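Okay, so here's the structure we're looking at.
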Amino acid sequence: MHHLRYWFRGFPAIAFLFFCGSGTLTAVRGAERPNIVVIMVDDLGYSDVGCYGGEIDTPILDSLAANGLRFSQFYNTAKCHSSRVSLLTGQYCIAAGDSSMSHGVTSAEVLAGAGYFTAMTGKWHLKQEPTDFGFGRYFGHLSGACNFFKGDNTFRLNGQAWSVPDRGFYTTVADVDFALEFLQEARTTKKPWYLYVAFNAPHAPLHALPDDYAKYKGKYDQGWDVARKSRVAKQKELGILPQSLRPSPRPEHIPAWEDLEPWRRKYEANRMTTLAAMIDRVDQEIGRLVDDLRTHDELENTMILFVSDNGACPYDRKAPQLDVEPTNGEVALPDSTGWAWARNTPFRYYKQNQFEGGISTPAIVHWPAGLKTRAGSITDEPAHLIDVMPTLAAITESEIPGEWTGRTLRPVSGVALTPIFAGESLHREEPIHLLFSQDRGLRDGNWKAVSFRSQGWELYNMADDRTELRDLAVDEPERLSKMVENWTRIARDVLHAPKRSYATVTSTEVVHHNSQWTNFETRLGDKLRKGRVRPSGAIRARKNTELTISNGVLKLVFAGEDPGIAMDLRRDALSRGPYQLRFDLKGGQSGGGEVFFTDDPKTILPKGGRVPFQVAADGEWQEVNVELKTDQVIQQLRLDVSEGAGSAEIRRLRLLDDAGNVLFRWPR
């Protein structure tokens, strides 16, 4: 069923006056084909722009939305280069031949063949160069990221090496400088034109122009909890998300802002200040481009599409720095996991993950002469970057070829979005397939199956649980099984993915983690820690134990001797004992259960304290309360409810102090 909503609140009056005459949607004038501007930003979160709930000043994008169409469920591939392949070819990245695009043709090649002048500026991040794939003009860098002030040695101008100036350079500005030059040339040809602008902002390294940075100093001192709450409220006010939506909670790998040390709050606020300034600058540069279109009377019949390649990035790869301003090429800050969570409001997780935080980002269409939807409309139809190329082919009356010299083409998987532009429903024969590296997903109608780094599949009804809070995998096993079969079929037969990409998933871990997320145990001056970092208090399944979680219940399957679960509390500043460990238990083996604990950092489990308790194992829930008698600070816990093969369920697991205050709850 097609869902189209209208939006009228939340923007200043300028949003409705910015584009003269754009409130009336008319047919394309005669046989005149539209000009095309596709703008892709890098690592932008769902709520980073004003018309999607953000507090960052983005009046140009807000105006495009107010006079155009927004998608509330527009998907990407969750990763930089693969999203670029999908946008350009209309195929899933692996199917197109990955970064070589050896099994696809690009939108530039298709439109150039139909008589369009084609140009690109910005980040390429694929093999060869844009001029090898249909773009007649190109300025930008071939690399995936670069210093915003100094650039790198991969900059090219129309296929030739280009040296970055020593002074007065900033990539976001330069991208539009050259875009305007290319448009001037395009107009002399009397051809319709296609311009692709691929900003590298707000991708790290975090660099901002001094004036933009100064504008946001102090704005983020209140932290990510306050910012995220504010963004959720604005999203509901704008109507981009329903009033009934429950935002995802702050995950356990991100502390509450008020719990951070003062130096870290200062450091984190600086990171978001820089990000906001970078996003503000993107909007300003888009404004220069829009002004140029309006000056040349081209705005009415230019289809502008604004998208992002993935959600906000959580990868924190540099040690903290204090008292710096990243407003020149000598100082740069890395991404922040905490702010990535806030920027992807209201969703879970980040870039590379196939949860909504990684794959759902803003998509705005502005085309007064072609859109039949009412100005300011919001569509809830799921769409994907694979739909961009067939859409461009459709509205420019261009033919997608079946053969291409030097390449073996595979079928386009995307569909033209023109029915949505006409206010009609979109028909998609296949579900939307999601895969990058180990992260998997499938969006089929209102249902979504998703796997974090090839761990157990989860299932969500997106119609009433867009934030993926209620895993229905146990409740809907047949549905999930069919979706996984379909996902595997598409991975094998459409993507032609290697077998390892669709190997059987492993069991689900209670806590998802990634070694490159911010390690909040790092102290100022520490070297960056490498390797796997497990969040404080996380549950670890012991040997011969399979652990999954569903609706707050820990489900344990034991396959041999010495099974159980353990929790490491050594990084938490807890009060001294005694303590109580309380939980509800169903299953296990009749007889003795055991809790082991340590109260000094050097002792290793199962040495230390040991407290036995009775296990009923009668198929009913039993309440268990175990007293841990120590006057020291607890360091580690281990809970055993079985001596061998079997199963058990645990709920409401919590550690309390002697006064009955809850210190920890699991799952967190």
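Fair warning: this is a prediction, and the values are worked out from it, not measured in the lab. What's counted below: heavy atoms across the whole structure, side chains too, no hydrogens, waters or symmetry copies.
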Phe347 backbone acceptor or donor facing Thr467 side chain under 3.5 Å: no
4.5 Å side-chain heavy-atom contact, Val85 and Leu385: no
Donor-acceptor pair between Ser100 and Asp98 side chains, under 3.5 angstrom: no
Closest contact, heavy atoms only, Ala179 versus Thr121: N-CG2, 3.7 Å
Distance-only polar pair, side chains of Ser86 and Thr77, donor-acceptor under 3.5 Å: no
Test item: Ser377 side-chain N/O and Arg374 main-chain N/O as donor-acceptor pair under 3.5 Å: yes
Distance (rounded to the nearest 0.5 Å) between Phe182 CZ and Phe139 CZ: 8.0 Å
Whether Phe71 and Phe74 hold their rings parallel, tilted or perpendicular, with breakpoints at 30° and 60°: perpendicular
Heavy-atom pair of closest approach, residues Ser99 and Leu126: O-CB, 3.7 Å
Arg428/Glu381 ion pair, N-O < 4.0 Å: no
Distance-only donor-acceptor check, side chains Tyr349 and Glu356, under 3.5 Å: no
Spacing of CG belonging to Asn76 relative to NZ belonging to Lys351, to within rounding of 0.5 Å: 10.5 Å
Pair Trp487-Asp444, side-chain donor/acceptor within less than 3.5 Å: no
Side-chain heavy-atom pair Asp152, Asn147 within 4.5 angstrom cut-off: no
Any side-chain donor near an acceptor of the partner, Tyr502 and Arg492, under 3.5 Å: no
Ion pair check, Arg137 and Glu181, cut-off under 4.0 Å: no
Ring centers of Tyr46, Tyr52 separated by less than 6.0 Å: yes
Interatomic distance, Leu183 atom CG to Leu293 atom CG [nearest 0.5 angstrom]: 6.5 Å
Expected output: side-chain Ser454 to main-chain Gln438 donor-acceptor under 3.5 Å: yes
Nearest heavy-atom neighbours spanning Val505 and Gly456: CG2-CA, 4.0 Å
Flag for Arg317-Gln516: side-chain donor and acceptor within less than 3.5 Å: yes
Student check: side-chain heavy atoms of Arg281 and Tyr170 closer than 4.5 Å: yes
Contact summary for Leu495 and Ile94, nearest pair of heavy atoms: O-CG2, 3.3 Å
Sidechain-backbone polar pair: His125 side chain, Ser143 backbone, donor-acceptor under 3.5 Å: no
Any donor-acceptor N/O pair, Gln235 side chain to Thr345 backbone, under 3.5 Å: yes
Check: Arg407 side chain, Gly104 main-chain N or O, donor-acceptor pair, under 3.5 Å: yes
Distance-only donor-acceptor check, side chains Asn310 and Asp43, under 3.5 Å: yes
Phe135 and Tyr194 aromatic ring geometry - parallel, tilted or perpendicular at 30°/60° bounds: tilted
Ion pair Asp439/Arg453, N-O distance below 4.0 Å: no
Aromatic contact, Phe169 with Phe148 (centres under 6.0 Å): no
Ser308 side chain to Thr361 side chain, donor-acceptor N/O pair below 3.5 angstrom: no
Atom pair CD1 (Ile364) and CD1 (Ile60), whose distance is rounded to the nearest 0.5 Å: 11.5 Å
Inter-residue atom distance Asp42.CG - Arg84.CZ, 0.5 Å rounding: 4.5 Å
Under 3.5 Å: donor-acceptor pair, side chain of Glu109, backbone of Thr106: yes
Aromatic ring pairing Trp124/Phe133, orientation class (parallel under 30°, perpendicular over 60°, tilted between): tilted
Which atom of Ser107 lies closest to which atom of Leu392, heavy atoms considered: CB-CD1, 4.0 Å
Any donor-acceptor N/O pair, Asp175 side chain to Phe199 backbone, under 3.5 Å: no
Contacts of Thr131 that satisfy side chain to side chain contact (heavy atoms under 4.5 Å, CB included) - sequence neighbours left out: Glu129, Tyr138
Leu195 side chain near Ile36 side chain, heavy-atom distance below 4.5 Å: no
Ionic contact status for Glu458 with Arg348, cut-off 4.0 Å: yes
Sequence-distant partners of Glu468, side chain to side chain donor-acceptor pair (under 3.5 Å), two or more places apart: Lys448
Lys/Arg N to Asp/Glu carboxylate O, Arg489 vs Glu430, below 4.0 Å: yes
Rounded distance [0.5 Å steps], CG in Leu88 versus CD1 in Ile386: 13.5 Å
Side chain to side chain, Tyr196 and Thr118, heavy atoms closer than 4.5 Å: no
Glu424/Lys372 under salt bridge (Lys or Arg N to Asp or Glu O under 4.0 Å): CA gap, chis, key distance, verdict: CA-CA 10 Å; Glu424 301 171 357; Lys372 307 302 180 187; over 6 Å; no
Shortest non-hydrogen separation from Gly53 to Leu238 and the atoms involved: N-CD1, 3.8 Å
Residues Asp387 and Thr391: side-chain donor-acceptor under 3.5 angstrom: no
Donor-acceptor pair, side chain of Arg70 and main chain of Ile240, under 3.5 angstrom: no
Distance flag, aromatic centroids of Trp447 and Tyr460, threshold under 6.0 Å: no
Short side-chain to backbone donor-acceptor contact, Ser481 and Pro477, under 3.5 Å: no
Lys/Arg N to Asp/Glu carboxylate O, Lys482 vs Glu485, below 4.0 Å: no
Pairing of Asp177 and Arg288 as salt bridge, 4.0 angstrom limit: yes
Asp309 with Lys79: basic N within carboxylate O range, under 4.0 Å: no
